[in-house]
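Predicted model, so just to flag it, every value in this text is computed and none were measured.
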Amino acid sequence: METTQTDTIESLPPATPGETSAAQPLRRRRRVRVRRRRAPGAPQGFFQPLPLWVWSVVLFFAAVGGFSANPFLTPFSLLVLPVLASLLWFQGEPPVLLFACYFQWLQSSVAIFYTNFYGIALGSVPGGAQLVEATGLSLIGILVLAAGMRLALVKRDTHVTERAARESRQLQPAAIFTLYLAAFAGLYFAGRLAAFLPPLRQPLLAAGTIKWAMVFLLAYAVVKQRRGYALLAITVTVEFFTGILGFFSGFKGVFFVLLVVLPSAHFIFRGWRLAQFSLVAAMVVAFALIWTVIKTDYREFLNQGSRQQVVLVPVPERVAKLQSLVSGLTWPAVEAGLEDLILRVGYVNYFALTLANVPANLPHEHGKLWFGAVKHVLMPRLFYPDKPVINDSERTSLYSGVVVAGEEQGTSISIGYIGESYIDFGRVGMFAPILLLGLFYGGIYRFFVYSSRHTTLGYATATAILIFGAYNLETSNIKLVGGNLMAFLVMALFIKLTGAWLWGIATNPGVTLRPRRARDKAGGEATGGRRLPESPPGTRGTST
């Protein structure tokens with residue numbers, strides 16, 4: 001690591017009466033501190049250094065895990081965590097790529113710790129040999145994905161954190177909140193319009209990324225400046241309730257954004273910031289648990305027994321139903337819901353079934369699934385209205401050898417992109433498309449963060465795309481490539497056309513939600529707290 005050495009001499013009080021001249025240099029030497037730090041812009045290694053205590057803690061638990069019911073998988077899964085961090089943790093930048101990998105790690109590893117809790121080896125359960133292999137291959141796949149992301153960030157601009165710090169002081173939470181409200185309304189009408197214009201459905205829905213970029217920008221400004229918490233609270237409340245009133249668990253999105261903002265705005269391992277991060281994480285788990293318990297009854301109420309992913313009841317009735325379901329929760333139901341949540345988060349079962357079925361009963365496809373995903377993306381529905389609709393459940397039933405619920409039951413079940421990579425290329429070749437996928441994700445991050453005129457706006461855009469487009473292990477390759485590419489194109493065009501205008505509004509201190517009288521009383525906030533003298537009648541007011 002390239003370093004520079006700087007000597008810092010603290011200011012000394014004047015010598016006390018009677019102090020000898022020989023004692024003064026000694027006092028000065030005691031107050032000289034030599035610090036070694038990375039030179040700004042110095043080249044960085046492929047792996048970032050982590051604090052020694054992080055490795056010490058992980059190694060300790062990995063050693064303990066060697067005596068668990070899964071003595072190989074437990075230490076391996078734990079050691080993956082710091083390796084991912086050393087690849088993708090850049091202090092001061094939003095760790096959205098690391099968040100995506102950590103969430104997939106959780107999906108791959110939860111079965112290990114679940115069986116450890118009961119003292120049962122994962123390999124001893126039905127289909128255990130395939131479960132062990134699917135878990136190991138998934139963890140290796142996530143490491144390869146992270147390596148691809150890091151390769152895309154080679155020779156990254158190390159000055160972005162300095163620029164973001166300067167820009168963060170210009171952001172105006174009230175102005176950004178106004179942009180968020182406009183984006184929220186625009187997304188609502190875009191969703192309505194997409195129902196009437198199926199060929200434009202994908203780009204219209206991808207435009208919803210704009211709203212999440214505004215949520216990130218608002219949270220980043222509030223956390224960095226430590227003001228505007230009421231506006232952030234309103235935003236979180238709006239996103240939570242509009243998400244939970246829908247068919248899917250959309251309420252978790254705003255908490256995911258906060259989990260990425262908090263480490264990027266300040267050093268996460270510091271007391272108060274760590275407490276905030278832990279609180280948000282606990283809220284995600286708590287709300288996910290409650291949702292797991294009530295979602296079946298709630299969804300049947302929303303679609304009125306039609307078994308479709310639709311909402312057929314008005315908002316007041318939805319609120320009343322939610323109140324009824326939540327108030328009726330019992331401790332046995334919560335315990336059962338916790339087990340269901342753990343099993344739901346873990347997503348290696350269908351991959352394990354596929355390992356047992358391919359190539360024993362079906363041959364490898366030699367690239368058919370991944371090439372089909374690329375071909376599907378290169379055929380926009382606007383020009384190919386007869387393009388087949390994606391049916392994840394049909395593909396899963398075919399390659400896993402087990403019939404799963406599909407559209408008729410109002411659901412969709414995918415094998416996941418790692419399992420589909422195995423179907424195409426086998427146990428070794430499967431990592432090639434995963435590496436390319438990591439390069440794709442890293443390329444999106446690099447384009448917006450290191451090439452943007454306004455770094456903070458690049459942070460917001462890259463996070464808004466990747467936090468929902470790259471975090472799920474269970475998503476099929478067609479949806480991963482198509483969804484992220486469409487979001488990238490829409491947001492690149494949007495930032496190109498409106499980036500300067502957006503930044504001008506987001507940093508305009510004149511945009512405020514406070515009444516005019518309150519602004520006047522504050523003494524002219526737009527001029528940094530200085531009230532300008534009013535111009536005499538008939539003259540133009542000027543400021544210097």
Side-chain angles (χ1 to χ4, degrees), residues 45-89 95 97-150 263 268-269 274 277-278 281 285 338-339 341-352 355-356 416 418-419 421-422 427-428 430-431 434-435 438 471-474:
F46 194 76
F47 293 92
Q48 307 306 304
L50 295 179
L52 180 61
W53 68 265
V54 172
W55 286 104
S56 301
V57 170
V58 173
L59 288 173
F60 171 77
F61 283 106
V64 173
F67 298 94
S68 66
N70 298 285
F72 172 75
L73 282 177
T74 303
F76 177 58
S77 64
L78 290 173
L79 290 171
V80 167
L81 290 173
V83 175
L84 292 175
S86 65
L87 284 169
L88 299 173
W89 179 274
L97 295 173
L98 183 60
F99 172 86
C101 289
Y102 271 0
F103 198 92
Q104 293 187 38
W105 172 89
L106 180 63
Q107 291 185 290
S108 301
S109 300
V110 69
I112 301 173
F113 302 101
Y114 180 71
T115 52
N116 281 345
F117 180 78
Y118 289 101
I120 301 173
L122 187 61
S124 65
V125 302
Q130 287 77 29
L131 281 172
V132 170
E133 185 177 9
T135 300
L137 289 175
S138 296
L139 289 171
I140 297 172
I142 295 167
L143 286 171
V144 172
L145 182 76
M149 294 174 177
R150 184 64 184 90
I268 190 59
F269 295 113
L274 180 60
F277 184 87
S278 302
V285 175
L338 178 59
E339 185 171 352
L341 177 62
I342 293 172
L343 296 176
R344 172 64 184 86
V345 170
Y347 210 84
V348 295
N349 291 343
Y350 295 110
F351 184 17
L355 286 169
I418 290 183
S421 300
Y422 164 79
R427 289 174 174 82
V428 177
M430 62 180 284
F431 299 114
I434 295 174
L435 181 70
Y471 84 101
N472 246 336
L473 190 71
E474 64 203 61

Residue pair M149 / L98, side-chain heavy-atom distance below 4.5 Å: no
Working to the nearest 0.5 angstrom, can you tell me the gap between F61 CZ and L81 CG? 12.0 Å
Using 0.5 Å steps for rounding, measure from the CD atom of E474 to the CZ atom of R344. 4.5 Å
With the side chain counted from C-beta on, respond yes when W53 and V57 share a heavy-atom pair under 4.5 Å apart, and no when they do not. yes
One should read off an interatomic distance between L87 CG and L97 CG, to the nearest 0.5 angstrom, of 11.0 Å
Quick test of your reading: applying ring-ring contact (aromatic ring centres under 6.0 Å, His included), list the pairs with at least one residue in residues 97-116, sequence neighbours left out, ordered by first then second residue. F99-F256, F103-F256, F103-Y471, Y114-Y118
Beyond-backbone contact of F351 with L137, side-chain heavy atoms, under 4.5 angstrom: yes
Any pair with a residue in residues 130-149 that passes salt bridge (charged side-chain N to carboxylate O under 4.0 Å, His left out), sequence neighbours left out, goes on the list, sorted by first then second residue, please. E133-R427
Could you please spell out the steps behind the side-chain contact (heavy atoms from CB on, under 4.5 Å) verdict for L59 and L78? CA-CA 8 Å; L59 288 173; L78 290 173; over 6 Å; no
Separation between CZ (F47) and CG (L88), nearest 0.5 Å, reads 10.0 Å
If you look at every heavy atom in P75 and G66, which pair is closest and at what distance? CG-N, 3.8 Å
Hits for side-chain hydrogen bond (donor to acceptor under 3.5 Å, both in side chains) against S138, two or more places apart or cross-chain, chain-then-number order -> none
Tell me the closest heavy-atom pair linking G45 and R150, and the distance in Å. O-NH2, 3.0 Å
Would a 4.5 Å heavy-atom cut-off, applied to side chains only, mark I140 and F76 as touching? yes
List for me each residue that meets side-chain hydrogen bond (donor to acceptor under 3.5 Å, both in side chains) alongside T74, sequence neighbours excluded, and say none if there are none. S68, N116
Just to verify, which of L435, I418, I434 counts as forming a side-chain contact (heavy atoms from CB on, under 4.5 Å) with L145? I434
Applying side-chain hydrogen bond (donor to acceptor under 3.5 Å, both in side chains) to T115 and not counting sequence neighbours gives N70
Which residues pass the side-chain contact (heavy atoms from CB on, under 4.5 Å) test with V285, sequence neighbours left out? none
At what distance, to the nearest 0.5 angstrom, does CG of L50 lie from OG of S56? 11.5 Å
Over all atoms of both residues, closest heavy-atom pair of V83 and L79: CG2-O, 3.3 Å
Shortest non-hydrogen separation from Q130 to A352 and the atoms involved: CB-O, 3.4 Å
Quick check: closest heavy atoms across S109 and L139, and the distance to 0.1 Å? OG-CD2, 3.4 Å
Rounded to the nearest 0.5 Å, how far does OG of S77 lie from CD1 of I142? 10.5 Å
